[in-house]
Amino acid sequence: MERAAAYQRGCGVDVEVLDAAEVRRRVPWIAGERLAGGTFGARDGFIDPGRLCGFFSSAAAHDGVSFRYGQEVVAAEEGAGGFVLGTADGSTFSAPFVVNAAGAWSARLGALLGVDVPVEPVRRHLFLTGPVRDLPPEVPMTIDADTGVLVRREGERVLVAWSNADEPPGFDTTCDPEFVLRFAEALEARFPSVAAAGIDQRRSWAGLYEVTPDHHAILGPVPERPGLLLATGFSGHGVMHAPAAGRCIAEMILRGRSEGVDVDALSLARFARGELIHETMVL
Ligand SMILES: Cc1cc2nc3c(=O)[nH]c(=O)nc-3n(C[C@H](O)[C@H](O)[C@H](O)COP(=O)(O)OP(=O)(O)OC[C@H]3O[C@@H](n4cnc5c(N)ncnc54)[C@H](O)[C@@H]3O)c2cc1C
């Protein structure tokens with residue numbers, strides 16, 4: 001974490017490295033003996049993804065982008081001038097560039113285009129507690145790095161999450177009420193006042209992560225398929241990465257390469273080359 005913090009600071013991110021005493025001072029509801037320290041970014045951990053999406057789409061519309069909602073691409077052909085995509089309602093669209101940004105469904109869209117996109121849908125649960133009385137109004141997003149249990153304030157409740165490494169791939173988004181039992185002990189040990197508020201199953205839900213073999217995005221052109229690009233496989237970090245990913249892809253289309261950030265390590269080719277990125281903290 002110290003290495004990551006040093007790198008982040010080098011990129012201009014405001015992140016602090018805290019010793020154990022400072023972690024306990026700032027997050028006094030943390031329990032348990034074993035605590036080495038932590039890192040803290042005051043601007044991290046909270047975002048409204050719907051509003052972020054709305055912000056980008058209205059800015060793009062203002063600049064002349066048009067959106068077609070509810071149009072599932074069900075067919076794709078490659079021609080001399082680019083691609084022709086067919087949608088479920090029988091419309092066709094042609095374009096010199098196509099970006100497969102279909103999230104958890106990217107492998108299906110890739111198959112239509114004849115490209116193997118190594119992205120699998122994996123269910124991810126989010127739980128909300130009942131109203132919490134014993135915690136301050138500000139509960140930063142706090143991750144127990146040992147177990148992967150994370151908590152943060154969400155209005156009068158606390159949001160709780162944990163990802164199990166053995167969740168099988170699939171499109172099931174049923175919220176399994178038993179799932180919480182798998183990390184209840186870890187939650188109680190580290191965040192007892194959160195556990196005491198109990199889980200409100202009616203407000204809890206599950207969605208899909210779009211997971212690659214190394215839990216990192218695939219960003220960039222498909223080799224030997226001019227005009228076809230991938231912006232997918234964010235593996236549960238896609239909201240955070242969205243602004244940078246969008247810029248990289250726009251630069252690749254307009255200028256032939258990502259100028260602002262070197263994203264070669266995120267190429268599709270890394271899987272064939274066996275150059276997977278080693279991720280130390282999968283959330
Ligand atoms: C429970 C949960 C918690 C998360 N928490 C965080 C977090 O704290 N921070 C964070 O950064 N990220 C988080 N994520 C991950 C984040 O939501 C995703 O990484 C992000 O939404 C991916 O964005 P995307 O645009 O690549 O894909 P999506 O948002 O999935 O968009 C893909 C779009 O493609 C459309 N599509 C698919 N197939 C077709 C087709 N054939 N034709 C036309 N359209 C198609 C889909 O309908 C969809 O609208 C979380 C995800 C879940 C499920």
Side-chain angles (χ1 to χ4, degrees), residues 41 43-57 60 67-76 83-93 95 98-113 115 117-128 140-143 148-154 159-164 167 169-176 179-180 203-212 215-220 228-250 266 279 281-283:
R43 298 186 62 196
D44 285 356
F46 292 79
I47 198 164
D48 181 333
R51 286 184 69 191
L52 180 74
C53 200
F55 165 78
F56 280 123
S57 56
F67 293 88
R68 310 284 180 99
Y69 294 104
Q71 304 252 9
E72 185 188 358
V73 174
V74 292
F83 301 85
V84 179
L85 304 180
T87 57
D89 70 354
S91 311
T92 54
F93 301 88
V98 166
V99 181
N100 179 348
W105 300 268
S106 296
R108 285 183 179 174
L109 188 59
L112 291 179
L113 289 152
V115 179
V117 180
V119 171
E120 287 185 324
V122 177
R123 180 172 60 166
R124 163 76 162 173
H125 285 84
L126 283 186
F127 294 96
L128 281 174
M141 178 153 148
T142 312
I143 304 166
V149 172
L150 70 87
V151 301
R152 73 156 167 80
R153 178 66 96 163
E154 179 87 7
L159 184 149
V160 180
W162 176 76
S163 53
N164 57 325
E167 180 76 32
F171 287 97
D172 178 20
T173 53
T174 319
C175 184
D176 175 6
F179 183 84
V180 78
R203 291 170 194 263
S204 303
W205 60 282
L208 294 174
Y209 268 18
E210 62 300 65
V211 178
T212 64
H215 297 266
H216 281 281
I218 311 173
L219 215 53
L228 184 57
L229 296 101
L230 298 172
T232 183
F234 292 95
S235 305
H237 312 122
V239 177
M240 290 182 269
H241 293 185
R247 173 169 291 199
C248 292
I249 291 291
L266 299 177
E279 175 58 70
M281 199 163 162
V282 174
L283 289 183

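Atoms within a ligand are numbered from 1 in the order they appear, just like the ligands themselves. FYI, side chains are in, hydrogens and waters are out, and symmetry mates aren't considered; it's all heavy atoms of this structure.
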**OP:** Provide the closest heavy-atom pair for E210 versus A104 in the form atom of the first, atom of the second, distance.
**Re:** CB-N, 3.5 Å
**OP:** State the atoms of ligand 1, each with its element, that fall below the 4.0 Å cut-off from a heavy-atom position in L126.
**Re:** 1 (C)
Original post:
For ligand 1, which atoms have a heavy atom of R124 less than 4.0 angstrom away?
Top reply: 1 (C), 2 (C)
Original post:
Between F46 and P140, which heavy-atom pair has the shortest distance, and what is it?
Top reply: CE1-CA, 4.1 Å
**OP:** Provide the number and element of each atom of ligand 1 under 4.0 Å from a heavy atom of M240.
**Re:** 9 (N), 10 (C), 11 (O)
Subject >> Closest non-hydrogen atom pair between N100 and S106, with its separation >> reply: ND2-O, 3.0 Å
**OP:** Indicate yes or no: at least one non-hydrogen side-chain atom of R68 is less than 4.5 angstrom from one of F93.
**Re:** yes
Subject >> S204 (side chain) donor-acceptor with L128 (main chain) under 3.5 angstrom >> reply: yes
Subject >> Nearest non-hydrogen protein atom, atom 23 (O) of ligand 1 >> reply: E210 OE2, 4.1 Å
Original post:
Does the protein put a heavy atom less than 4.0 Å from atom 49 (O) of ligand 1?
Top reply: no
Original post:
Less than 4.0 Å between atom 34 (O) of ligand 1 and some protein heavy atom, yes or no?
Top reply: yes
Original post:
Taking the six-membered ring for Trp, is the centroid-to-centroid distance between W162 and F127 below 6.0 Å?
Top reply: no
Original post:
Does some side-chain heavy atom of V117 sit less than 4.5 Å from a side-chain heavy atom of W105?
Top reply: no
**OP:** For ligand 1, note which part of A206 has a heavy atom under 4.0 Å away: side chain, backbone, both or neither.
**Re:** neither
Subject >> Atom indices of ligand 1, in the order listed, that fall short of 4.0 Å to a heavy atom of G207 >> reply: 53 (C)
Subject >> Winner among A245, S163, A76, G236 once heavy atoms are compared against atom 14 (N) of ligand 1 >> reply: G236
Original post:
Checking T232 side chain against A102 main chain: does a donor-acceptor pair fall under 3.5 Å?
Top reply: no
Subject >> Is_contact(atom 29 (O) of ligand 1), protein non-hydrogen, under 4.0 Å >> reply: no
Subject >> Sub-4.0 Å protein heavy atom next to atom 8 (O) of ligand 1 >> reply: no
Original post:
Looking at atom 51 (C) of ligand 1, what's its closest protein heavy atom, distance included?
Top reply: Y209 CE1, 3.5 Å
Subject >> Atom indices of ligand 1, in the order listed, that fall short of 4.0 Å to a heavy atom of A102 >> reply: 32 (C), 34 (O), 37 (C), 38 (N)
Original post:
Which of the listed options, V239, V211, V73, holds the heavy atom that is closest to atom 41 (N) of ligand 1?
Top reply: V73
**OP:** Show which atoms of ligand 1 fall inside a sub-4.0 Å distance from at least one heavy-atom site of Q71.
**Re:** 42 (N), 43 (C)
Original post:
Does the protein put any heavy atom within less than 4.0 Å of atom 18 (C) of ligand 1?
Top reply: yes
Original post:
Can you name the nearest heavy-atom pair linking G45 to R152, along with the distance?
Top reply: O-NE, 3.1 Å
Original post:
Considering all heavy atoms of both residues, which atom of G170 and which atom of L208 are nearest to each other, and what is their separation?
Top reply: O-CD2, 3.5 Å
Original post:
What atoms of ligand 1 come closer than 4.0 angstrom to any heavy atom of F234?
Top reply: 19 (O), 26 (O)
Subject >> H241 near ligand 1 by a heavy-atom separation under 4.0 Å >> reply: no
**OP:** May I ask you to check if ligand 1 and G238 share an N or O to N or O distance below 3.5 Å?
**Re:** yes
Subject >> Nearest neighbour in protein (non-hydrogen) for atom 27 (O) of ligand 1 >> reply: G103 CA, 3.4 Å
Subject >> L208: numbered ligand 1 atoms lying under 4.0 Å from its heavy atoms >> reply: 53 (C)
**OP:** Compare all side-chain heavy atoms of P118 with those of I218 and state whether any distance is below 4.5 angstrom.
**Re:** yes
Original post:
In this structure, are over 12 heavy atoms from other groups packed under 6.0 Å from F171 atom CZ?
Top reply: yes
Original post:
With a 4.5 Å limit on heavy-atom distance, are the side chains of D44 and M141 in contact?
Top reply: no
**OP:** Return the residue, atom name and 0.1 Å-rounded distance of the protein heavy atom closest to atom 32 (C) of ligand 1.
**Re:** A101 O, 3.4 Å
